[in-house]
There are 2 protein chains.
Amino acid sequence: MTTTVLPVVDITDAACCTPLTTEAIDAERAQDLAQKLKALADPTRLRLVSIVAASEGEEACVCDLIEPVGLSQPTVSHHLRILMEAGFLTRSKRGTWAYYKLVPGALGQLSQLLDVTSSR
Amino acid sequence: MTTTVLPVVDITDAACCTPLTTEAIDAERAQDLAQKLKALADPTRLRLVSIVAASEGEEACVCDLIEPVGLSQPTVSHHLRILMEAGFLTRSKRGTWAYYKLVPGALGQLSQLLDVTSSR
DNA sequence: CGAAGATATTGATGGATGTCAATATGCGCA
DNA sequence: TGCGCATATTGACATCCATCAATATCTTCG
């Protein structure tokens with residue numbers, strides 16, 4: 001079994017500090033946050049994340065994702081790659097199958113960045 | 001003074017229920033959520049929201065927003081319109097000036113939709 | 001009324017993006 | 001070794017999007 005993690009965006013450092021609403025963010029952090037939001041700002045990718053999150057162990061096989069979203073296999077792979085590069089999913093290959101798993105805390109961290117009041 | 005509210009997306013009803021991670025969302029809700037996320041998924045718009053949020057009364061004049069983001073006035077107006085149509089800002093015109101104000105709870109609601117754990 | 005200033009709208013343009021068909025890659029099994 | 005299956009990559013294409021210049025609209029003030 002091979003575990004592939006593409007750390008294009010490291011969730012642990014970038015845009016990890018003050019939320020949007022307390023003080024104006026600079027251009028660099030805005031760019032960073034926008035990149036993550038863009039990865040989620042697609043109906044298909046939202047559904048993929050949602051299905052994975054609702055699955056056993058917050059993990060799902062590609063073969064189980066294609067039919068629910070109703071798109072071609074290459075398109076689904078493409079979306080999964082974007083979600084992985086944005087730091088929301090990781091991929092682990094077991095035999096012929098590829099399993100995508102939610103990165104713990106990734107959504108929560110983004111959530112907290114959007115607003116402070118919701119975290120209290 | 002004229003207050004303009006474009007309720008293209010009503011924040012109070014659409015996508016208001018279960019967060020992403022508890023159970024798989026349907027195509028309609030995904031479409032709805034994606035529309036809001038897309039409105040925020042731009043560096044310039046994030047900065048605009050952030051500046052407005054950090055201003056007195058969570059409100060700022062267009063004339064005070066152009067210089068910080070460093071883009072042309074029409075472009076800034078365009079972004080503000082998108083943020084308004086997505087339900088994040090409202091516009092009130094006082095004299096020649098247009099003031100954009102944060103919609104209370106709009107960011108918080110989106111934030112909670114992304115993840116449950118951050119709201120506990 | 002007419003000029004000046006603030007904001008919105010329109011039109012054009014280059015670049016990003018979602019999608020699929022075709023193809024490649026890699027694994028398991030006979 | 002070779003076939004079949006699951007997934008990834010490539011290439012092409014249509015559409016969307018961010019941006020600006022030019023222009024329109026609206027308000028205030030002389």
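Below, chain A is the first sequence line, B the second, and so on; all start at residue 1. For the numbers below, each heavy atom of this structure counts, side chains included, while hydrogens, waters and symmetry mates do not.
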**Q.** Whole-Å distance separating the CG atom of A:Asp64 from the P atom of D:dT7
**A.** 8 Å
Q | Separation of D:dT19 P from B:Leu71 CG (nearest whole Å) | A | 5 Å
Q: Would you classify A:Tyr99 as touching base, sugar-phosphate or nothing, given that sugar-phosphate means primed atoms plus P, OP1 and OP2, and contacts are heavy atoms under 4.0 Å?
A: nothing
Q: Calculate the interatomic distance between B:Leu80 atom CG and C:dT7 atom C1'; express it in whole Å.
A: 10 Å
Q) Of all the choices, C:dA8, D:dA8, C:dT19, which nucleotide is nearest to the side chain of A:His79 once you look at every atom? A) C:dT19
Q) For C:dA6, does OP1 or OP2 lie under 4.0 Å from any side-chain N or O of B:Thr96? A) no
Q. What residue among A:Val103, A:Ile82, A:Leu40 forms side chain to side chain contact (heavy atoms under 4.5 Å, CB included) with A:Phe88?
A. A:Leu40
Q. CE of B:Met84 versus P of C:dT7: gap in Å, rounded?
A. 14 Å
Q: Report the distance from atom CH2 of A:Trp97 to atom C1' of C:dT25, rounded to the nearest whole Å.
A: 16 Å
Q: Could you tell me the separation between the OH atom of A:Tyr100 and the OG atom of A:Ser55, rounded to the nearest 0.5 Å?
A: 14.5 Å
Q | Per-nucleotide protein contact string for nucleotides 9-17 of chain C, where B marks a base within reach and S marks sugar-phosphate only (heavy atoms under 4.0 Å, - for neither) | A | B-------S
Q. Does the side-chain contact (heavy atoms from CB on, under 4.5 Å) test come out yes or no for B:Leu37 and B:Leu110, once each step is laid out?
A. CA-CA 8 Å; B:Leu37 286 171; B:Leu110 183 65; 4.0 Å; yes
**Q.** Nearest heavy atoms of B:Asp115 and A:Gly108, plus distance in Å
**A.** OD2-CA, 3.1 Å
Q) Just how far, in rounded Å, is C1' of C:dT19 from CZ of A:Arg47? A) 16 Å
Q) Atom CG of A:Leu65 and atom P of D:dA6: how far apart are they, to the nearest Å? A) 14 Å
Q: Kindly write out the residues that satisfy side-chain contact (heavy atoms from CB on, under 4.5 Å) with A:Ala53, not counting sequence neighbours, or none if the list is empty.
A: A:Leu102, B:Thr21
Q) If every non-hydrogen atom of A:Ile66 is compared with every non-hydrogen atom of A:Leu71, which pair is closest and at what distance? A) CG2-O, 3.5 Å
Q) Taking only residues two or more places apart in sequence, or in another chain, which ones meet B:Lys101 in a side-chain contact (heavy atoms from CB on, under 4.5 Å)? A) B:Glu59, B:Thr90
Q: Please report, rounded to the nearest Å, how far the P atom of D:dT27 is from the CZ atom of B:Arg91.
A: 11 Å
